[in-house]
There are 2 protein chains.
Amino acid sequence: MPNRSITIKDVAAAAGVGIATVSRVLSGSGSVSPRTRERVLAAARELDYRPSALGRSLKLQRTGGIGLLVPDVTDPFCAGLVAGVLECAGSLGEHVIIDASHDDPAREAEIVDRLVEQRVDGIIALPTRGDAAHWTGARRVGLSVTFVDHATCGSDAVGTPAVLADDRGGVRSAVEYLVGLGHRRIGFLGGPAATPTGRLRAEAFTETLRDLAVTPDSGLLVRARSSRDSAYAAAASLFQRRSDLTAVLAGNHLLGEAAVLVAREFDLRVPADVSIAMIGDMAWAELCDPPLTAVARPARDMGYRACELLVRASDRTIERTRREGGRPVVLPTELIVRGSCGPPARTR
Amino acid sequence: MPNRSITIKDVAAAAGVGIATVSRVLSGSGSVSPRTRERVLAAARELDYRPSALGRSLKLQRTGGIGLLVPDVTDPFCAGLVAGVLECAGSLGEHVIIDASHDDPAREAEIVDRLVEQRVDGIIALPTRGDAAHWTGARRVGLSVTFVDHATCGSDAVGTPAVLADDRGGVRSAVEYLVGLGHRRIGFLGGPAATPTGRLRAEAFTETLRDLAVTPDSGLLVRARSSRDSAYAAAASLFQRRSDLTAVLAGNHLLGEAAVLVAREFDLRVPADVSIAMIGDMAWAELCDPPLTAVARPARDMGYRACELLVRASDRTIERTRREGGRPVVLPTELIVRGSCGPPARTR
DNA sequence: CTTGGGGCTGGAAACGTTTCCATATAGAGT
DNA sequence: ACTCTATATGGAAACGTTTCCAGCCCCAAG
């Protein structure tokens with residue numbers, strides 16, 4: 001019963017060679033005679049030898065691990081992102097250390113610290129706020145960081161590579177679609193103004209309306225915190241206060257959910273009485289009755305691209321990365337038209 | 001510009017002490033004078049020293065990492081599981097290396113190998129099949145494995161700790177509920193017979209029917225492979241072939257989705273024309289019209305418990321674990337009654 | 001004054017790799 | 001036969017920790 005795990009030394013002894021030779025055989029570098037190679041391979045197989053990544057990483061100063069930091073793995077968008085990262089990392093032979101920040105900057109900082117200790121080669125993050133001190137700290141100790149979904153607004157982290165969805169374009173396409181159907185009084189359910197995402201989508205909403213020469217109405221724009229309850233409350237208040245609106249655009253899937261629920265609660269037929277669209281496509285959008293029109297964001301692709309970007313960046317010097325990686329990668333969104341939007345009941 | 005990352009040696013030099021002393025200060029063990037401690041702490045802070053987990057793990061022969069292996073992170077059940085593991089691991093100071101098997105045993109074996117190389121302290125897995133060789137291999141090299149969702153059916157891995165949902169009880173409660181409403185011709189949409197889950201739920205279905213003295217009808221039990229298309233095809237074929245059925249129980253969420261879609265396609269009103277229930281509660285069940293009755297499985301709790309179990313097991317010897325951990329932990333399911341089930345239209 | 005012990009401290013070994021370098025061997029060219 | 005080169009091999013250092021052990025100093029007790 002082997003209580004001590006077997007090392008390269010054991011293999012060397014069993015094969016009657018030096019440990020350097022075993023290393024050469026197993027890593028495939030250097031030259032070894034076919035005869036020796038065979039003996040070593042046989043010994044390794046015989047002993048069921050598993051090389052330790054610890055020893056190797058220590059020597060090589062490179063772990064082949066990448067850190068992945070998302071707000072919440074149960075959020076479908078985050079899950080898609082994770083899947084993309086996993087796919088790319090797997091094909092590149094890297095492993096992924098994952099953790100969830102739950103939108104708490106303190107927790108995020110703690111996790112980044114842990115990842116630094118683990119000496120990951122880089123971090124992919126959907127940050128709570130990209131300008132926090134721990135991010136610049138991480139870059140200072142030499143590991144590359146890639147942001148996803150929204151980039152930093154701070155000044156210090158300029159040059160941090162980022163992979164974004166074209167949110168602005170996504171909102172625009174949805175608004176254009178609704179206006180094209182004849183809607184003029186369109187409600188917008190927005191996420192918290194404190195988050196980059198919440199801010200940006202609301203901006204894009206009003207901006208597009210202005211471009212389309214629809215008179216703005218600030219009473220039609222409502223904010224919610226990022227909880228189910230808050231989303232529901234916001235939707236309820238909007239529907240109650242403004243019975244004259246003919247369409248609603250939900251700024252995220254929580255708000256979309258709330259809009260659907262509240263419309264049902266108020267006995268509004270969709271899309272006859274009110275049209276509903278949502279930013280962020282979900283599996284359940286297809287299952288709604290009627291199926292919900294939504295703007296799909298390529299979560300999986302974003303994860304994949306971010307991972308590619310990160311690994312590529314790790315190979316270069318920080319300097320070169322900073323010089324080259326100025327522009328964030330922006331991936332297109334797609335308006336998926338389903339049955340939840342139609343012309344307004346009473347056109348004026 | 002420090003191109004070389006700073007080590008304990010640098011801190012020792014800066015503080016004018018030996019490296020042993022620095023280690024004692026930072027790890028909190030041993031005795032150091034307050035004066036020295038202060039100097040070391042100051043030096044570490046000054047240099048922004050981050051201890052390397054590589055060195056520590058190598059020396060301690062323990063990484064504090066746990067491997068997490070699920071079929072697919074975008075599956076809501078798996079996502080819940082991951083969240084639970086992350087929560088527990090975080091509070092225990094462990095980090096989590098995650099990967100997805102995509103239900104491919106070969107890929108799974110590869111991932112296990114990688115985790116062994118990384119010297120994780122243990123693995124939590126939702127295995128494709130618990131009896132595969134790589135699992136016994138992993139246990140042989142001394143790391144503890146905990147299965148989730150379904151345990152092994154093989155003989156070799158007896159004693160592998162497991163955390164399960166009471167699927168049998170869940171199916172039973174759903175069937176009892178439907179029969180209680182007056183249904184007698186209940187369709188069952190089952191997952192692949194090759195998977196433990198698919199087999200077990202179908203068994204529980206027929207078994208419960210027998211216990212309730214409802215005459216079985218093998219034409220009402222349909223299997224699908226685990227893809228959306230296959231699920232849809234199975235549901236369509238069942239509804240088409242057996243227009244006399246009054247209720248359908250979907251064996252997983254993919255099949256539940258398919259049942260809802262097909263019922264809508266066939267212009268069947270729910271629950272007036274057909275009642276639908278599903279194993280596995282999803283966020284979208286609430287959003288369906290009518291909301292879908294489902295059996296909730298405690299994904300997050302399962303992950304949390306599995307992680308607890310694993311870490312506890314790592315502290316003991318394999319022998320003791322094997323002796324103690326005979327019984328798997330079984331967590332209760334809950335039937336969530338919503339609006340998708342009612343009495344059959346024409347009772348006979 | 002001596003002895004003993006306890007609190008602090010630093011040197012060194014060990015953990016498992018990779019790789020540089022030195023050496024040994026064999027074959028080929030003169 | 002001698003040198004030269006290419007190939008094959010092993011020893012040893014290095015990576016960054018932790019911890020054992022030995023040594024030091026100082027104070028109290030004899």
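Chain identifiers are assigned alphabetically (A, B, ...) following the order of the sequence lines, protein sequences preceding nucleic acid strands; residue numbering begins at 1 within each chain. Predicted model only: the values in this text are computed from it and were never measured. The basis for the numbers below is simple: all heavy atoms, side chains too, and nothing from hydrogens, waters or symmetry mates.
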For the side chain of B:T7, starting at C-beta, report the closest nucleotide among D:dT17, C:dT9, D:dG10. D:dT17
When you measure from the side chain of B:K59, which nucleotide among D:dA14, D:dA8, C:dC15 comes out closest? C:dC15
Atom [atom1] of [X] to atom [atom2] of [N]: distance rounded to whole Å?
{"X": "A:L26", "N": "C:dT19", "atom1": "CG", "atom2": "P", "answer": "13 Å"}
{"X": "A:K9", "N": "C:dA14", "atom1": "NZ", "atom2": "P", "answer": "8 Å"}
{"X": "B:I8", "N": "D:dC15", "atom1": "CD1", "atom2": "C1'", "answer": "14 Å"}
{"X": "B:L58", "N": "C:dT17", "atom1": "CG", "atom2": "C1'", "answer": "8 Å"}
{"X": "B:I19", "N": "C:dT9", "atom1": "CD1", "atom2": "P", "answer": "15 Å"}
{"X": "B:R24", "N": "C:dG7", "atom1": "CZ", "atom2": "P", "answer": "14 Å"}

Could I get the full list of salt bridge (charged side-chain N to carboxylate O under 4.0 Å, His left out) partners for B:E117, not counting sequence neighbours? A:R56
Can a side chain N or O of [X] be found less than 4.0 Å away from OP1 or OP2 on [N]?
{"X": "B:Q61", "N": "D:dT18", "value": "no"}
{"X": "B:S57", "N": "D:dT17", "value": "no"}
{"X": "A:S23", "N": "C:dT18", "value": "yes"}
{"X": "B:S31", "N": "C:dG7", "value": "no"}
{"X": "B:T36", "N": "C:dT9", "value": "yes"}

Residue pairs meeting salt bridge (charged side-chain N to carboxylate O under 4.0 Å, His left out), one or both in residues 11-28 of chain B, sequence neighbours left out, come to none
Looking only at side chains, do B:T197 and B:T195 share a donor and an acceptor under 3.5 Å apart? no
Less than 4.0 angstrom from a charged side-chain N to a carboxylate O is my criterion; do A:E94 and A:R62 meet it? yes
Main-chain N/O of B:R114 paired with A:H95 side-chain donor or acceptor, under 3.5 Å: no
Check: C:dG16 base within 3.5 Å donor-acceptor of A:R50 side chain: no
Evaluation steps, side chain to side chain contact (heavy atoms under 4.5 Å, CB included), between A:L143 and A:I123: CA-CA 8 Å; A:L143 48 75; A:I123 300 183; 4.1 Å; yes
Sub-4.0 Å heavy-atom contacts from residues 109-119 of chain A onto DNA chain D, ordered by number: none
On DNA chain C, more 5' by nearest nucleotide between B:L60 and B:V17 is B:V17
With DNA chain C as reference, determine whether B:G16 or A:V22 sits nearer its 5' end, using the nearest nucleotide of each. B:G16
Please step through side chain to side chain contact (heavy atoms under 4.5 Å, CB included) for the pair B:S101 and B:V70, ending with a clear verdict. CA-CA 6 Å; B:S101 69; B:V70 294; over 6 Å; no
